[in-house]
Every structure is written in structure tokens, then in C-alpha cells.
Colleague: 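Just dropping this structure here.
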Amino acid sequence: MCGIIGIVGHNDVAAQLYDGLTVLQHRGQDAAGIATAHGTKLRVHKGNGLVSDVFDEHAMQVLQGHLGIGHCRYPTAGSEGNDEAQPFYVNSPFGIVLAHNGNLINTEALQREVFEQDRRNVSTESDSEVLLNVFAHELDEQGSLSVDATLNAIEGTHRRCVGGYAVVAAVLGLGLVAFRDPNGIRPLVIGKRSSDGRDEYAVASESVALDLLGYERVRDVRPGEGLVVTTEGVLHTRQCVEPRTHTPCIFEYVYFARPDSMMDDVSVHKARMRMGQTLGEKIQRLRPDHDIDVVIPIPDTSRDSALEIANVLGVKYREGFIKNRYVGRTFIMPGQGQRAKSVRRKLNPIPLEFRNRVVLLVDDSIVRGTTSKQIVQMARDAGARKVYLASAAPPVRHPNIYGIDMPTAEELVAHQRSEDEIQQLLGCDWLIYQDLEDLERAVAGPKARLTHFDSSCFNGNYVTGTEADYFERIKHLRSDEAKTTRRVPVAATRG
Ligand SMILES: O=P(O)(O)OC[C@H]1O[C@H](OP(=O)(O)OP(=O)(O)O)[C@H](O)[C@@H]1O
Ligand SMILES: NC(=O)CC[C@H](N)C(=O)O
Ligand SMILES: [Mg+2]
């Protein structure tokens with residue numbers, strides 16, 4: 001789940017892009033990059049690491065220009081190598097840089113098409129580089145550069161690409177381009193601010209980036225919509241593909257997004273509180289005479305839900321695990337070994353909150369079970385009498401193929417296991433999952449702004465459809481085992 005941002009301003013935008021990326025960092029910790037357009041030049045600086053690792057003063061000085069895009073990466077295709085850090089660049093037509101959040105599911109077919117029909121070279125395994133070349137080809141086919149031609153090229157890109165994608169691009173001589181997949185699986189929001197009577201625009205994965213930079217949240221990019229903001233700061237939009245069912249990724253609300261973001265007009269914080277409310281009610285229903293002494297969140301993401309569960313149950317809420325703020329998110333780390341080691345490094349219990357108590361631990365989700373297995377043991381070691389575990393999301397039983405790197409069903413702790421079996425495996429005394437219906441209602445909220453979701457990792461329904469052997473192929477390419485045996489390129493691409 002990467003973070004993307006694009007800005008057209010009156011002054012150099014690199015510093016804003018940098019700041020925007022720092023609040024999107026939770027969406028991707030592996031690599032970061034910024035590209036700006038300055039006169040007739042596109043400048044790109046990118047590499048592996050956190051935003052603060054990748055950019056130094058010199059890099060920022062080089063990134064001149066009033067138009068630019070930024071990206072922080074959590075890989076879902078290709079390798080973790082720095083040659084696949086984004087934005088990607090092509091010099092023809094005109095000079096284009098592009099950053100992508102999501103995952104294409106017809107990458108192999110597109111790769112062949114791009115090479116054989118479009119006669120373009122794609123030099124990495126990244127689906128995003130393929131997407132850039134499809135867009136570049138479609139723009140080239142237009143014969144000239146204009147807003148209309150670019151919106152036509154977005155139409156062509158939608159016709160060819162299948163999957164989840166939110167995209168920002170900068171086209172030299174034109175401006176900022178952005179579009180979102182026809183089902184709106186991946187998020188993208190538009191912001192605007194005015195100074196001296198002139199408008200500046202920003203487009204980002206999450207509204208928190210707009211807040212930080214002082215842009216007013218205008219609206220979300222519509223599924224299948226394309227937009228161009230010219231270098232003069234004029235916004236043009238077009239519905240580039242017939243509207244389909246809007247199915248935003250429900251996992252954004254469960255885990256990925258920051259709670260202070262609004263996504264498709266729904267507050268992530270409130271959605272998480274409602275998840276806690278419905279889960280609390282379920283616990284109450286199943287065990288009206290429960291013996292829970294204390295509710296303890298597994299930091300960070302579960303906090304909003306855990307607090308509401310405690311309120312519903314009428315028991316104490318306590319912070320029982322202290323998080324080492326210098327360790328990042330474990331779920332989005334690339335390898336299982338690294339993930340497992342990081343849980344213990346990241347979280348440490350305060351024994352007095354556990355000793356002789358029946359504790360209800362709450363997490364937002366249980367995916368591979370890496371976190372919960374260790375946390376349950378830590379709670380026991382800290383003296384808990386009984387350890388219950390509640391998940392604000394239902395069991396994750398199916399791969400995600402639209403931008404979350406869980407491609408292999410066998411790696412999911414709930415795959416082909418009953419809830420009793422999972423409980424045994426995690427070693428807790430009681431395991432309670434949210435029901436999918438409740439999760440969807442919690443995210444939709446009282447006004448039911450959203451009616452459908454991409455809940456594929458919970459129910460196995462893939463809105464785009466999939467080819468018969470797709471899951472076998474991605475397992476072969478992207479399982480943890482495949483990743484450990486794959487070569488990671490080391491050549492530097494900074495500069
Ligand atoms: O079952 P698993 O495979 O362990 O995955 C689920 C866990 O991973 C995430 O935490 P993470 O540490 O990534 O981030 P957070 O600090 O935002 O909770 C998520 O919040 C769960 O705690
Ligand atoms: N998580 C994402 O959005 C990943 C984007 C793209 N598929 C990549 O691997 O770089
Ligand atoms: Mg967590």
C-alpha cells in the first residue's frame with residue numbers, strides 16, 4: 001500500500017512533497033522518491049529507505065520546480081530493490097514521471113503488449129513501470145499534447161489496465177495528471193489552496209497530507225475519473241470510463257490509513273470506533289457474564305477500536321504494551337523473519353497491567369498471526385490469568401491482489417482453519433472475530449455513504465475477476481519463500 005502525492009504550486013514544491021510523504025510514511029517504508037518538473041527538465045531522486053533516509057539537503061536543492069510528485073513504497077510486485085523505487089520516468093513522449101499505489105493483475109499480458117505492440121522497453125519487474133509505459137503509449141498515440149489528449153490517454157489506460165490503481169504523474173509541458181481505477185479500490189483525494197488569488201492543487205492517497213500542507217480537502221477522485229491540473233493551476237476532470245460499482249478497499253479502514261484521514265468521505269477514526277462498538281456488542285452477546293478485567297490494545301492501529309470495546313463492556317482500558325517508536329510497522333516489512341523479530345523489539349509489556357488479570361487484547365486484524373502469537377505469550381509471561389484476543393476485522397482467509405502484499409493464502413493464519421483451530425495456534429483462551437457484515441456497516445457509518453467494498457481478503461470476491469491460474473502464478477512469484485530466494489538488485493539509482 002504505497003503513499004502517493006502530486007502538487008502544482010506557485011513556488012518550488014519539493015519541500016511540500018517531502019513533508020507530505022512523511023505523513024504517508026505508514027503506507028510504505030521500503031523506498032521513497034520525488035520527481036519535479038523544472039523548465040524542460042524532469043528531476044528524480046529516489047532510493048530505498050524511509051523518506052528521511054532517502055533525501056538530504058543536496059537532493060532537495062536539486063529538486064526544483066513548481067510541479068512534482070512523490071511516492072513511498074511497500075512493494076506488491078517485482079522486487080524490493082532500489083531500481084523499483086518510484087516515481088518511474090520515461091523520456092517519450094514529452095517526458096513523464098509516474099507514481100502508483102495499487103497492483104495490476106494483468107501485468108504479464110501488458111508487459112508483452114507493451115514490448116511487442118507498443119515497442120517500449122520495461123526494464124524492471126514492476127507493474128508500475130508497465131502502467132507508466134501503457135499511459136505513455138496512449139498519450140503518444142494522441143499525436144499532440146493537450147488536456148483533452150491526456151484525458152483520452154487516461155481512457156486508453158483504463159481500457160488496458162486491470163487491478164487496483166491510484167496514480168499521479170507529471171507530464172512536461174502540461175502539468176499534473178491523476179486517475180483512480182474504475183472501482184475506486186485505491187484511495188485518492190484532491191485538495192486546493194489559494195494564495196494571491198491563484199489556485200494551487202494537491203492530490204494524495206490520504207487527506208492527512210492535505211491537512212499538513214494547508215490544502216482544503218475538496219473531494220475524492222471518483223472511480224474511473226481522470227484529472228489534469230495544468231502548470232497554470234487550472235483543474236480539468238473527465239469521467240474516463242463508465243462508472244462501475246465503487247468498492248473501496250476495506251482494509252484501508254481496518255489497518256492501512258491513518259485515523260486522522262478522511263477516505264471517500266468517511267472518517268477512518270470514526271470507522272474504527274464503530275468497529276469497536278460492534279465488536280464490543282458481539283462480545284457482550286456471546287458472553288453476557290464475561291470475566292474480562294481489562295481491555296488492552298496492541299499498538300498502534302487497534303487503539304480506536306479497543307477503547308470503544310472497553311466502553312461497551314464497561315471495563316477498564318489500559319495501555320499495557322509500550323511501543324518502541326523507532327521500529328516501523330511490522331506487517332509491511334518484506335520478509336517473515338524480519339516481521340517476527342520486530343514484534344518483540346517493537347512492543348514491551350507493563351507487567352502490572354497483566355498480573356492476575358483476565359485481559360482482552362485487541363488488534364485491528366490478524367493476518368499471518370505473527371503479532372498476536374507473540375503478544376499472547378508476552379501477556380502470559382507478564383502474569384495474565386487468562387488471555388482473550390479480539391480482532392476488529394474478520395478472519396483474513398484470502399489473498400489480496402489490489403495493493404496489499406498478502407498474495408499467498410497458505411501464509412495466512414486463518415486459511416483453511418476454523419476459529420477454534422486458530423485460537424489454539426495463537427495460544428489464547430478465547431478468540432473473537434468481527435463479523436464481515438458488522439465491519440462493512442461500521443465503515444459505511446450511519447449515513448451509509450459507501451454501500452460496497454473490496455472485502456476480498458475476507459470473502460474471496462474479487463471485483464475485477466481473475467484468471468484461472470492467477471493465484472498459482474503470484475504464489476510462485478511473491479510468497480515469502482520466493483522472495484527470500486530472489487535476487488535483490490543493489491545498483492544505486494539515486495541522483
Ligand atoms: O497478523 P500479522 O501478520 O502480525 O498482521 C497484523 C498486525 O500487523 C499490523 O501491525 P503493525 O505492526 O504493522 O502496525 P501498527 O503499529 O500500525 O499496528 C496490524 O495492526 C496487526 O497488529
Ligand atoms: N503497495 C503498492 O501500492 C505497490 C505499488 C506497486 N505495485 C509496487 O510494487 O511498487
Ligand atoms: Mg498492529
Side-chain angles (χ1 to χ4, degrees), residues 1-4 24-31 33 46 71-81 83-88 98-105 107 124-132 161 163-167 181 185-187 205 249 251-252 254-259 272 297-306 321 323-325 327-334 336 339-340 342-343 345-347 361-376 389 391-393 395-396 400-407 411-414 422 425-426 457 478 480:
M1 192 66 37
C2 307
I4 60 173
L24 298 175
Q25 185 75 83
H26 59 285
R27 300 181 67 84
Q29 303 168 166
D30 271 38
K46 59 183 182 174
H71 188 267
C72 50
R73 181 172 191 232
Y74 157 56
T76 62
S79 76
E80 290 82 47
D83 59 340
E84 296 191 11
Q86 302 194 33
F88 279 105
L98 178 143
H100 162 222
N101 166 215
N103 191 56
L104 301 185
I105 63 167
T107 308
T124 69
E125 296 305 311
S126 163
D127 58 331
S128 312
E129 194 187 2
V130 173
L131 197 157
L132 166 60
C161 293
Y165 50 92
V167 172
D181 62 74
I185 299 174
R186 300 269 61 93
S205 299
C249 171
F251 216 70
E252 288 278 358
V254 169
Y255 167 67
F256 265 101
R258 269 178 55 143
R272 288 188 187 153
I298 300 177
D300 271 326
T301 304
S302 67
R303 285 201 171 104
D304 291 330
S305 311
F321 292 103
K323 182 181 155 183
N324 178 345
R325 71 181 69 198
V327 178
R329 291 184 123 182
T330 50
F331 174 73
I332 59 175
M333 289 175 177
Q336 184 57 14
R339 284 183 214 118
S342 297
V343 174
R345 288 209 324 262
K346 178 173 159 175
L347 298 168
L361 306 180
V362 179
D363 212 344
D364 53 270
S365 57
I366 302 169
V367 183
R368 297 178 180 90
T370 320
T371 308
S372 23
K373 209 168 167 183
Q374 294 190 47
I375 290 285
V376 168
L389 176 65
S391 162
V396 177
N400 185 293
I401 58 175
Y402 300 127
I404 304 176
D405 195 35
M406 34 195 205
E411 288 168 11
L412 307 170
V413 70
I422 306 165
L425 204 109
L426 299 179
C457 59
R478 293 209 59 79
D480 276 331

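By convention here, the first residue in the shown sequence is residue 1. One-based numbering, in listed order, for ligands and for the atoms of each.
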Colleague: Under 3.5 Å between some N or O of ligand 1 and some N or O of I366?
Modeller: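 No - when backbone and side-chain N and O of I366 are compared with those of ligand 1, no distance drops under 3.5 Å.
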Colleague: Among protein heavy atoms, which sits nearest to atom 4 (C) of ligand 2, and what does the distance come to when rounded to 0.1 Å?
Modeller: C2 SG, 3.0 Å
Colleague: Do ligand 2 and N101 have nitrogen or oxygen atoms that lie under 3.5 Å from each other?
Modeller: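 It does: an N or O of N101 is found under 3.5 Å from an N or O of ligand 2.
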Colleague: Please confirm whether S365 comes within less than 3.5 Å of ligand 1 when only nitrogen or oxygen atoms on both sides are compared.
Modeller: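 No; the residue has no nitrogen or oxygen that sits under 3.5 Å from a nitrogen or oxygen of the ligand.
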Colleague: At under 4.0 Å between heavy atoms, is it the side chain or the backbone of S372 that contacts ligand 1, or both, or neither?
Modeller: neither
Colleague: Would you mind telling me if ligand 2 is within reach of the side chain of R73, the backbone, both or neither, using heavy atoms under 4.0 Å?
Modeller: side chain
Colleague: Which residues pass the salt bridge (charged side-chain N to carboxylate O under 4.0 Å, His left out) test with R329, sequence neighbours left out?
Modeller: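 Applying salt bridge (charged side-chain N to carboxylate O under 4.0 Å, His left out) to R329 gives none.
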Colleague: In terms of residue, atom name and distance, what is the protein heavy atom nearest to atom 1 (N) of ligand 2?
Modeller: M1 N, 2.5 Å
Colleague: Could you measure the distance from the CD1 atom of I375 to the CZ atom of F321? Nearest 0.5 Å is fine.
Modeller: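 Rounded to the nearest 0.5 Å, the CD1-CZ separation comes to 4.0 Å.
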Colleague: Within less than 4.0 angstrom of ligand 1, does I298 place any heavy atom?
Modeller: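 Under 4.0 Å: no for I298.
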Colleague: Which protein non-hydrogen atom lies closest to atom 5 (C) of ligand 2, naming both residue and atom, and how far is it?
Modeller: G102 O, 3.2 Å
Colleague: So for ligand 2, is E84 a polar contact partner (N or O within less than 3.5 Å, distance only)?
Modeller: no
Colleague: Looking at ligand 1, does any of its N/O atoms fall within less than 3.5 Å of an N/O of I332?
Modeller: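 For ligand 1, there is no N or O atom that lies under 3.5 Å from one belonging to I332.
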Colleague: For E80, is there an ion pair with R73 - N to carboxylate O distance below 4.0 angstrom?
Modeller: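 E80 and R73: not salt-bridged.
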Colleague: What is the nearest protein non-hydrogen atom to atom 5 (O) of ligand 1, stated with its residue, atom name and distance?
Modeller: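 The answer is F331 CD1, 3.6 Å.
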Colleague: Under 30°, 30 to 60°, or over 60°: which ring-plane class applies to F331 and Y74, parallel, tilted or perpendicular?
Modeller: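 F331 vs Y74 ring planes: tilted.
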